[in-house]
There are 2 protein chains.
Amino acid sequence: MSTYEKTCLIRGDGGRAIRGILGRVADKWTLLVVATLEDGRMRFTELHQRIPGISQRMLTRTLRNLERDGLVSRDVFAEVPPRVEYELTDAGRTLIDPAVRLAEWAVAHNPQIEASQQAYDAQRGTPPL
Amino acid sequence: MSTYEKTCLIRGDGGRAIRGILGRVADKWTLLVVATLEDGRMRFTELHQRIPGISQRMLTRTLRNLERDGLVSRDVFAEVPPRVEYELTDAGRTLIDPAVRLAEWAVAHNPQIEASQQAYDAQRGTPPL
DNA sequence: CTGCATCCCGCGTGATACTG
DNA sequence: CAGTATCACGCGGGATGCAG
């Protein structure tokens, strides 16, 4: 497949599909939750502790969306105190690889990008926009 | 590299690097602009026409950010009427491959995900949250 | 043609407090 | 323990109009 044909995947229907997925998968927390769940089945509090900076609310919302998308399974145990365990589904696990590619690109190019930003901001005043 | 080691790329510093890149690259329009520019050097109006639904304002902002990140070069011609041409830099071109991986994942899993969402919404009332 | 300025609205997000 | 409810704030992003 040529590079041109590949980018058609992105442009596709005018980008609706790709934006839909990115809007879901690239929201502030989803990728972190998925990556953390790669360590295996885990309950709410442990996820909360493992992901620094996420609020209870955002963790709940992110998990709900992932469950709705069929990427994470949610098991509730009828105990007291309550226990809920989360786990990646097979579909969820397939997300890891493409996400890692992007992460590799990110860490590889981060220094270069930040350098470029500083150079840009140095010429014009600091305000980028 | 193991899958576990890979996800450490995402989790990394608590996700700051990854969220930074995603916040930049996965905003509503950036990927579409990059993919469109893969066809070669292009001026503002042509980009605007090729990307359905983008507003003039958002195209300008997206291009400025990409320029600031060093992913797109901007050439201004001192003519009248003015002409400005945009082109991917080498760094910008390296983004295409990882982006395409994610796009492939998106189109491959979109039907499955939407089905899962409908099933989820069918059980509980339509409100996902 | 290119793109900046202004106005304005809605949503995503954090903080905090309360419930089963 | 695992959420839900409420509030308040800021930013993304569309529409419109003006400028070089």
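Every chain is numbered from 1 and lettered A, B, ... according to where its sequence line falls, protein lines coming before strand lines.
With the nearest nucleotide of DNA chain C identified for both A:Met58 and B:Arg83, B:Arg83 has the one nearer the 5' end. Heavy-atom distances to DNA chain C give each of B:Glu46 and A:Ile54 a nearest nucleotide, and the one nearer the 5′ end belongs to B:Glu46.
Not a single donor-acceptor pair under 3.5 Å links the side chain of A:Thr30 to the backbone N or O of A:Asp27.
Not counting sequence neighbours, the partners of B:Glu87 by the salt bridge (Lys or Arg N to Asp or Glu O under 4.0 Å) test are B:Arg41. In terms of the salt bridge (Lys or Arg N to Asp or Glu O under 4.0 Å) criterion, residue partners of B:Arg101 (sequence neighbours excluded) are, by chain and number, B:Asp97. Not counting sequence neighbours, the partners of A:Arg11 by the salt bridge (Lys or Arg N to Asp or Glu O under 4.0 Å) test are B:Asp39. The ring-ring contact (aromatic ring centres under 6.0 Å, His included) test applied to B:Trp29 returns no partner, not counting sequence neighbours. Looking at residues two or more places apart in sequence or on another chain, you find a salt bridge (Lys or Arg N to Asp or Glu O under 4.0 Å) between A:Arg93 and A:Asp90.
Distances from the side chain of B:Arg61 to the nucleotides D:dT4, C:dC1, D:dG12 place D:dG12 closest. Listed nucleotides: D:dA2, D:dG12, C:dG3. Nearest to the side chain of A:Phe44: D:dA2. Comparing C:dC1, D:dG3, D:dC1 by their closest approach to the side chain of A:Thr45 singles out D:dC1. Here the side chain of A:Val84 is nearest to one of D:dG3, C:dC1, D:dC1, namely D:dG3. Considering only the side chain of B:Arg64, C:dC4 comes nearest among D:dG3, C:dC4, C:dC1.
Screening residues 74-112 of chain B for ring-ring contact (aromatic ring centres under 6.0 Å, His included) gives B:Trp105-B:His109 as the qualifying pairs, with residues at least two apart or on separate chains. Within the structure, ring-ring contact (aromatic ring centres under 6.0 Å, His included) pairs that include any residue of residues 31-74 of chain A do not occur (at least two apart or interchain).
In this structure, A:Lys28 places its NZ atom 11 Å from P of D:dG12, rounding to the nearest Å. Rounded to an integer number of Å, the gap from CG of A:Asp27 to P of D:dG12 is 15 Å. The separation between B:Met42 atom CE and C:dC1 atom C1' is 17 Å, rounded to whole Å. Rounded to an integer number of Å, the gap from CG of B:Asn65 to P of D:dG13 is 11 Å. When rounded to the nearest whole Å, the span between CG of A:Leu59 and P of D:dG3 equals 8 Å. Spacing between atom CD of A:Glu79 and atom P of D:dA2 amounts to 10 Å, rounded to whole angstrom units. Rounded to an integer number of Å, the gap from CG of B:Leu63 to C1' of C:dC1 is 14 Å. Following rounding to the nearest Å, B:Ile51 (CD1) and D:dG13 (P) show an atom-to-atom distance of 14 Å.
Note that CD of A:Glu85 and CG of A:Leu47 are 10.5 Å apart. Values are rounded to the nearest 0.5 Å.
Note on B:Tyr86: only backbone sugar-phosphate atoms sit closer than 4.0 angstrom, heavy atoms only; bases stay farther off.
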Within the sub-3.5 Å range, which N or O atoms of nucleotides 9-11 of chain D have a protein N or O partner, and how far apart are they?
none

Check the interface with nucleotides 15-19 of chain C: list each N/O to N/O pair with the protein under 3.5 Å, or write none.
unit_1: C:dA15; atom_1: N6; unit_2: A:Arg57; atom_2: NH1; d: 3.4

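OP1 or OP2 of D:dA2 has at least one side-chain nitrogen or oxygen of A:Arg43 nearer than 4.0 Å.
In terms of hydrophobic clustering, with Ile, Leu, Val, Met, Phe, Trp and Tyr side chains grouped at heavy-atom distances under 4.5 Å, A:Val34 and B:Tyr4 are assigned to different clusters.
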